[in-house]
Each structure stands twice: as structure tokens, then as C-alpha cells.
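Both counts, for ligands and for their atoms, begin at 1 and track the order of listing. Here the structure is a predicted model, which is why all the values come from computation and not from measurement.
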Amino acid sequence: MKTLFSGIQPSGGAPSLGNYVGALRNWVKLQERYFCVYSIVDMHAITIRHDAAELRKNCRDMLAFLIATGIDPEASVLYYQSAVPAHAELAWILNCYTYMGELSRMTQFKEKSKKHQDNINAGLFTYPVLQAADILLYNAGFVPVGEDQRQHLELSRDIAIRFNNMYGDVFTVPEALIPESGAKIKNLQDPSRKMSKSDGDGDQGVIYMLDPPDSIASKIKRAVTDSESEVRYSETKPGVSNLLDIYSVFTDKTIAEAEKDFAGVKYGPFKNAVAETVAAALSAIQSRYREISADSAYLDKVIASNTPRAAAIAEKTLKAVKERIGFPL
Ligand code: TYM
């Protein structure tokens with residue numbers, strides 16, 4: 001079985017519908033075909049100021065959440081990034097093989113520096129190098145992510161290729177697995193930008209995976225559309241297209257089939273149907289989440305058994321890297 005790696009930041013609250021549609025949903029499905037390593041990337045999360053107790057709680061909540069969505073912690077490896085020191089070690093080494101120019105071009109760095117002008121730290125700048133280390137440590141051939149991670153994945157490939165050219169084939173060169181539909185779910189209030197957890201809790205444009213049905217319905221009802229009344233997928237209709245994307249993913253229908261379902265239907269009933277579909281799909285995950293998050297002993301056991309599994313793979317790769325670059329054996 002080929003290996004696949006992906007990560008998610010434990011950034012407060014439940015994951016967004018964007019996280020789920022663009023990534024987590026595929027993480028679950030891909031378990032059938034790949035050996036999957038999934039990391040809760042707490043080291044990435046500290047590039048933005050945070051509260052210590054909250055971060056610890058968020059990591060735990062994310063662990064429960066990932067299991068509730070269907071990640072199987074016996075078949076797949078599920079762990080906290082900071083518990084495996086090889087990530088930090090390889091990131092340092094790869095920093096020395098990554099150029100400032102490459103990192104300056106990263107859109108996420110530019111966006112985050114604009115948003116957090118009082119805290120443009122070096123970690124924020126080298127964030128994509130840590131991400132490359134995450135992936136390369138596990139020799140992952142595939143990385144399921146949403147569209148916003150494409151650029152980071154390309155950089156990870158470039159770093160792997162550069163390193164391999166210098167030292168022989170140490171790393172597997174990873175490929176991004178970006179879904180055909182739902183790779184970029186938009187903010188419901190502003191469909192020109194992606195739906196993002198960091199848009200803030202009060203934001204009506206973001207659906208969170210633990211939102212109750214009435215809140216899902218009210219957010220979708222208020223979603224920005226356009227002045228026409230035709231449910232059709234088009235670049236000129238980003239709000240309606242976003243809702244069609246969401247609907248098609250949750251019903252496993254193509255966009256054309258989704259459009260057909262709403263031929264001649266007004267925006268009001270269309271939105272109701274989308275809201276019902278989403279709420280129904282989330283309700284099973286939500287009740288599993290409530291059960292799992294209440295079972296501390298089980299979560300402790302998952303972490304205690306999975307961290308050494310992750311560390312064993314990562315340390316083997318790190319050792320090979322250290323040998324190649326000449327660190328004393
Ligand atoms: P993060 O935590 O921001 O997001 C987790 C995953 O959700 C996807 N995603 C979306 N997909 C579709 N529509 C959206 N609106 C949307 N918002 C988020 C993201 O593309 C991502 O796949 N740097 C990464 C975490 C990371 C990582 C890694 C990923 C660290 N190391 C190694 C892959 C491999 C991040 O911040 O994702």
C-alpha cells in the first residue's frame with residue numbers, strides 16, 4: 001500500500017465545512033486505498049498568537065473530531081505533530097535547502113503577514129518548510145488537501161527534488177490530491193474568498209462542523225447570491241455555484257445533476273434543500289463526536305499507541321537524511 005500524509009491545524013472550534021469538504025471527507029475515503037498518516041499540526045498553529053490551555057484543548061477536540069468523521073486510528077496513524085521531534089529536526093535541515101525567494105512568494109505568508117502585522121515571525125515565514133518536513137518524513141507519495149495548499153505542495157516537491165539531486169533518492173516526491181469539486185469552498189457572505197476558520201466565530205459566512213441544524217439553515221439562508229433567480233453554475237454566480245458545490249459533494253451528484261434538481265426552483269427553496277442536505281450529513285458525525293470526546297480514556301489510548309507508530313517511521317527517514325548530509329554517526 002502506498003503512503004499518504006496530511007495535516008490539519010487545531011485552530012479553535014470545530015473544523016469548517018471547507019476543511020471537511022476539501023480535505024477531511026477525502027481523508028476518510030482514502031483509507032481504503034492507502035496507508036494514511038494524519039497529523040494534528042500543533043507546531044504550525046503557534047505561528048499565530050494563541051492561548052496555551054486553549055491550544056491543548058483544541059488538539060484534543062480535533063483528535064475526537066477526526067475519529068468521529070471516520071478516521072480509523074488503528075489502520076491509519078493519527079498523532080500530534082509536536083509529540084514527534086523529528087518534524088522540527090528535519091524542518092531545520094530543510095530550511096538550509098530552501099531559498100528566501102521561494103518563501104517570499106508564498107501567498108499564505110503574504111496574506112497572514114497582512115492580517116497579523118504585529119507578529120510577522122520567522123515561523124510564519126518558514127511554515128511551508130515545516131510542512132515539507134511533515135510530508136517527506138513519511139515518504140508520502142500523496143497528500144490530500146484543498147486548493148489553498150497547492151502552492152505549499154509544489155514547494156515541498158521542489159525541496160524534495162533539490163535534496164534528492166544533491167544526495168541521491170532520499171525522499172519520495174509527493175503529489176497533491178486535490179478533489180475535483182469542493183476543493184475551494186467559499187465564504188457564504190463573501191463568495192470571492194475561501195471559507196476559513198480564521199474568519200472568526202461570529203462570522204455568518206462560515207459553517208462549522210458542530211453547528212446545529214438551525215444555525216446551518218440560517219447561515220445558508222443568508223448566503224449571498226445574485227439578483228437573478230436561476231440556479232446555475234457559473235463564474236458570474238459565485239454564491240449560487242458555491243452552494244451547488246456543497247450540495248453536489250454531499251449528495252454525490254455531478255454539478256449537472258445538481259443543476260437539474262433545481263431547474264425552475266427559486267433561491268429560497270434551493271437554499272432550504274442545501275441546508276437540509278448538509279445538516280443531515282453532519283448529524284451522524286456530530287453525535288459520534290459527542291460520544292468520543294466524552295471518552296478521555298479512549299483518546300489517551302489512541303495517542304499513546306499512535307505516537308510511537310508515527311515516530312518510528314519519521315526517525316528512520318531522519319536518520320537516513322542525517323547520514324547523507326554528513327552528521328557524525
Ligand atoms: P488547514 O488546517 O488550514 O486546513 C486543513 C485542510 O482543509 C483544507 N481547506 C479547505 N478546502 C476547501 N475549501 C476551503 N474553504 C478550505 N479551507 C481549508 C486545506 O486545504 C487543508 O487541506 N498547512 C496546512 C496543514 C498542514 C499540512 C501539512 C497539510 C501542515 N502540514 C502537510 C498537508 C500536508 C493547513 O494549514 O491546513
Numbered in order shown, the ligand 1 atoms found under 4.0 Å of a heavy atom of Y127 are 23 (N), 24 (C), 35 (C), 36 (O)

Any N/O of S6 closer than 3.5 Å to an N/O of ligand 1?
-> no

Taking atom types as modelled, find out whether D42 and S82 have a side-chain donor-acceptor pair closer than 3.5 angstrom.
-> yes

Shortest protein heavy-atom distance from atom 13 (N) of ligand 1, along with the residue and atom involved | I185 N, 2.9 Å

With respect to atom 29 (C) of ligand 1, which of A45, G7, S16 exhibits the smallest heavy-atom separation?
-> G7

Donor-acceptor contact below 3.5 Å, side chain D295 vs main chain I292 = no

Please report which non-hydrogen protein atom sits nearest to atom 28 (C) of ligand 1, along with the residue it belongs to and the distance in Å to one decimal place.
-> Q131 CG, 3.4 Å

What distance separates I207 CD1 from I185 CD1, expressed to the nearest 0.5 Å?
-> 9.5 Å

With a cut-off of 4.0 Å, which atoms of ligand 1 are near a heavy atom of F5?
-> 32 (C), 34 (C)

May I ask you to say whether D61 pairs ionically with K57, meaning some side-chain N is under 4.0 Å from a carboxylate O?
-> yes

Compute whether any side-chain donor of one residue and acceptor of the other, for D134 and Q81, lie under 3.5 angstrom apart.
-> yes

Could you tell me the residue and atom name of the protein heavy atom closest to atom 19 (C) of ligand 1, and the distance to it rounded to 0.1 Å?
-> D148 OD1, 3.3 Å

For atom 10 (C) of ligand 1, grab the closest protein heavy atom and report residue, atom and distance to one decimal in Å.
-> G18 O, 3.3 Å

Within a distance under 4.0 Å of any heavy atom of H44, pick out the atoms of ligand 1 and give their elements.
-> 30 (C), 31 (N)

Which of parallel (below 30°), tilted (30 to 60°) and perpendicular (above 60°) describes H87 and Y79?
-> tilted

Among all protein heavy atoms, pick the one closest to atom 37 (O) of ligand 1 and tell me residue, atom and distance.
-> Q149 NE2, 3.9 Å

Side chain, backbone, both or neither: which part of S196 comes within less than 4.0 Å of ligand 1 when only heavy atoms are counted?
-> neither

Using a strict 4.0 Å threshold on nitrogen-to-oxygen distance, state whether D261 and K253 make a salt bridge.
-> yes

Could you tell me whether M195 and ligand 1 have an N or O pair separated by under 3.5 Å?
-> yes

Please report which non-hydrogen protein atom sits nearest to atom 12 (C) of ligand 1, along with the residue it belongs to and the distance in Å to one decimal place.
-> A183 O, 3.1 Å

One finds that the ligand 1 atoms under 4.0 Å from a non-hydrogen atom of V143 are 33 (C), 34 (C)

Would you mind finding which of N26, I8, N19, D134 brings a heavy atom closest to atom 8 (C) of ligand 1?
-> N19

Quick one: nearest non-hydrogen protein atom to atom 3 (O) of ligand 1, plus distance?
-> Q9 NE2, 4.4 Å

So, does N19 use its side chain to make a donor-acceptor pair with the main chain of P15 at under 3.5 Å?
-> no

Any ion pair linking K319 and E323 (charged N to carboxylate O, less than 4.0 Å)?
-> yes

So the atoms of ligand 1 within less than 4.0 Å of a heavy atom of G182 turn out to be 12 (C)

Do V145 and ligand 1 have an N or O pair less than 3.5 Å apart?
-> no

Atoms of ligand 1 close to A23 [distance to a heavy atom under 4.0 angstrom, numbered from 1] = 6 (C), 7 (O), 22 (O)

Geometric class of the F262/Y247 ring pair [parallel <30°, tilted 30-60°, perpendicular >60°] = perpendicular

Report the distance from atom CD of E230 to atom OG1 of T225, rounding to the nearest 0.5 Å.
-> 13.0 Å

Pair R309 + E74, salt bridge at N-O below 4.0 Å = no

Going by the order shown, which atoms of ligand 1 are within less than 4.0 Å of some heavy atom of I135?
-> 32 (C), 34 (C)

